[in-house]
Student: 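If you scroll down you'll find the structure; I have some questions about it.
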2 protein chains.
Amino acid sequence: MKDDRLIFLIFTAQNKLRTYLNNALVAANVRVTFVQAGILFLLKQSNVRTMSDLSQLIGVDNSTLTGLVDRLEKAGFVARQASPTDRRSLLIQVTPDGIAEGDKAKMIIKRVNEEIKIGFPPEEMEIFKGILRSFFEKFNKNSGNRNDDV
Amino acid sequence: MKDDRLIFLIFTAQNKLRTYLNNALVAANVRVTFVQAGILFLLKQSNVRTMSDLSQLIGVDNSTLTGLVDRLEKAGFVARQASPTDRRSLLIQVTPDGIAEGDKAKMIIKRVNEEIKIGFPPEEMEIFKGILRSFFEKFNKNSGNRNDDV
DNA sequence: GGCAAACATTTGGCATACTAACTTTTGGTT
DNA sequence: AACCAAAAGTTAGTATGCCAAATGTTTGCC
């Protein structure tokens, strides 16, 4: 694979991983996806989070989170409640069902996490993670914009 | 970041990269996305490819490719032609406009490719790529299925 | 006290992506 | 020749994701 196909490699590898993971969740009769499970994990840790809190923590746009919470709410795994202190905000709470489903998902996700590491020493995994983490500085919102020369 | 958040790191890093890249393309007045550009590159290399060829080469499902080619065709960058040898197949051809747009995209994509490598020695990039490549074996279609124990 | 700016959330529009189901065609088997 | 399974492509349904715009609320500044 030529060097100028690094981005292609990242995209394709992530596609494979996502499909594999979500299929594994379905096969284990888990009724949430990986991304939805991430929300349930956060809410289990601390059950009072606004939409904005959640979207920042999982790193998606607010508008994406709306849909995620819609689906979780429809399935009975979370509930939206009005914030008593700020009428703009909604507090999202996880239900007992949501906690149970999150726990089921966690087992599968942990397994796949381990599968990623198979065949690679810890030092290599650290390098891998370090490069991925560098994306957060390098590819921050709008920094790709070159409007100045237009 | 704890070890069991490796998947989250991969997902989030890829999201940042994708958003940055597509914003950079828009900022440079490129009218195709990264994924669409990949199709144009392949067709520039060899201008006779079926839908199935393309979907395998860029690593997406046939049904995903249908939409990608729809959008490229609507923009005038590719054309579908009936295959003379197999009436099930379509041959996809890139237009001169498509080649020009692909070339414009390539400049931006190359730049972002280089940006990824900044700050990391080549050996570390090789490790990074090696781990991503391992996903193709580990996470092949359906291998996440554990129906045998259900 | 009033008004503009900032903030929280949703909506609508678009682009990937997958699975499942369907149509048409092909090709091999009997 | 008839049949039937596999292949090529599309469609429909669902799930992320983004951006831009709209709505309602809050806050800070004069």
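Chain identifiers are assigned alphabetically (A, B, ...) following the order of the sequence lines, protein sequences preceding nucleic acid strands; residue numbering begins at 1 within each chain. Model, not experiment: these values are computed from the prediction.
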Student: Scan residues 89-99 of chain A for pairs that pass salt bridge (Lys or Arg N to Asp or Glu O under 4.0 Å), counting only residues two or more places apart or in two chains.
Tutor: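 Residue pairs with at least one partner in residues 89-99 of chain A: there are none.
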Student: If you assign each of A/Gly59 and A/Thr85 to its closest nucleotide in DNA chain D, which residue comes earlier from the 5' end?
Tutor: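 On the 5' side of the pair lies A/Gly59.
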Student: For A/Ile58 and D/dG17, what is the distance between atoms CD1 and P respectively, to the nearest whole Å?
Tutor: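 A/Ile58 atom CD1 is separated from D/dG17 atom P by 8 Å.
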Student: Where is the tightest heavy-atom contact between A/Arg80 and A/Ile92, given as atom of each residue plus distance?
Tutor: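 Between these two residues, the closest heavy atoms are CG-CD1, 3.7 Å.
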Student: Please report the distance, rounded to the nearest Å, between NZ in B/Lys74 and C1' in C/dA15.
Tutor: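 Result: 12 Å.
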Student: Describe the nucleic acid contact of A/Arg18 in one word from base, sugar-phosphate, nothing, applying a heavy-atom distance below 4.0 Å.
Tutor: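 Since only primed, P, OP1 and OP2 atoms lie under 4.0 Å of A/Arg18, the category is sugar-phosphate.
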Student: List every contact pair, protein side and nucleotides 8-11 of chain C side both N or O, where the distance is under 3.5 Å.
Tutor:
residue, atom, partner, partner atom, Å
C/dA8, O3', A/Ser89, OG, 3.3
C/dT9, OP1, A/Met51, N, 3.3
C/dT9, OP1, A/Leu90, N, 2.7
C/dT9, OP1, A/Leu90, O, 3.3
C/dT9, OP2, A/Met51, N, 3.4
C/dT9, OP2, A/Ser52, N, 2.5
C/dT9, OP2, A/Ser52, OG, 2.6
C/dT10, OP1, A/Arg80, NE, 2.9
C/dT10, OP1, A/Arg80, NH2, 3.4
C/dT10, OP2, A/Thr66, OG1, 3.1

Student: Going by side chain to side chain donor-acceptor pair (under 3.5 Å), name the residues that satisfy it together with B/Ser89, two or more places apart in sequence or in a different chain.
Tutor: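 Testing B/Ser89 for side chain to side chain donor-acceptor pair (under 3.5 Å), a comparison that skips the adjacent residues, returns none.
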Student: Counting just side-chain N and O atoms, does A/Gln36 come under 4.0 Å of either OP1 or OP2 of D/dT16?
Tutor: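 So the side chain of A/Gln36 is within the cut-off, an N or O lying under 4.0 Å from OP1 or OP2 of D/dT16.
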Student: If you take any heavy atom closer than 4.0 Å to DNA chain C, which residues from residues 92-101 of chain B end up in contact?
Tutor: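 Nucleic-acid contacts, sorted: none.
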Student: Is A/Thr19 near enough to C/dA17 that one of its side-chain N or O atoms lies under 4.0 angstrom from OP1 or OP2?
Tutor: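 No, no such contact exists.
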Student: On a heavy-atom basis, which atom in A/Ile109 and which in B/Ile7 lie closest, and how many Å separate them?
Tutor: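 Heavy-atom minimum between the residues: O-CD1, 3.8 Å.
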Student: With each end axis built from five pairs of C1' atoms, what bend angle do you get for the helix from C/dG1-D/dC30 to C/dT30-D/dA1? Round to 10°.
Tutor: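 Here the helix ends are tilted 0° relative to one another.
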Student: Measure from CG on A/Asn15 to P on C/dT19 and round the result to the nearest Å.
Tutor: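 Distance check: A/Asn15 CG to C/dT19 P gives 11 Å.
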Student: Between atom CZ in B/Arg87 and atom P in D/dA6, what is the gap in whole Å?
Tutor: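 That distance rounds to 22 Å.
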Student: Please list all pairs passing the salt bridge (Lys or Arg N to Asp or Glu O under 4.0 Å) test where one or both residues lie in residues 17-28 of chain B, with sequence neighbours left out.
Tutor: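 As it turns out, there is no salt bridge (Lys or Arg N to Asp or Glu O under 4.0 Å) pair with a partner in residues 17-28 of chain B once direct neighbours are skipped.
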Student: Quickly work out the A/Asn23 CG to C/dA17 C1' distance and round it to whole Å.
Tutor: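 Rounding to the nearest Å, CG of A/Asn23 and C1' of C/dA17 are 12 Å apart.
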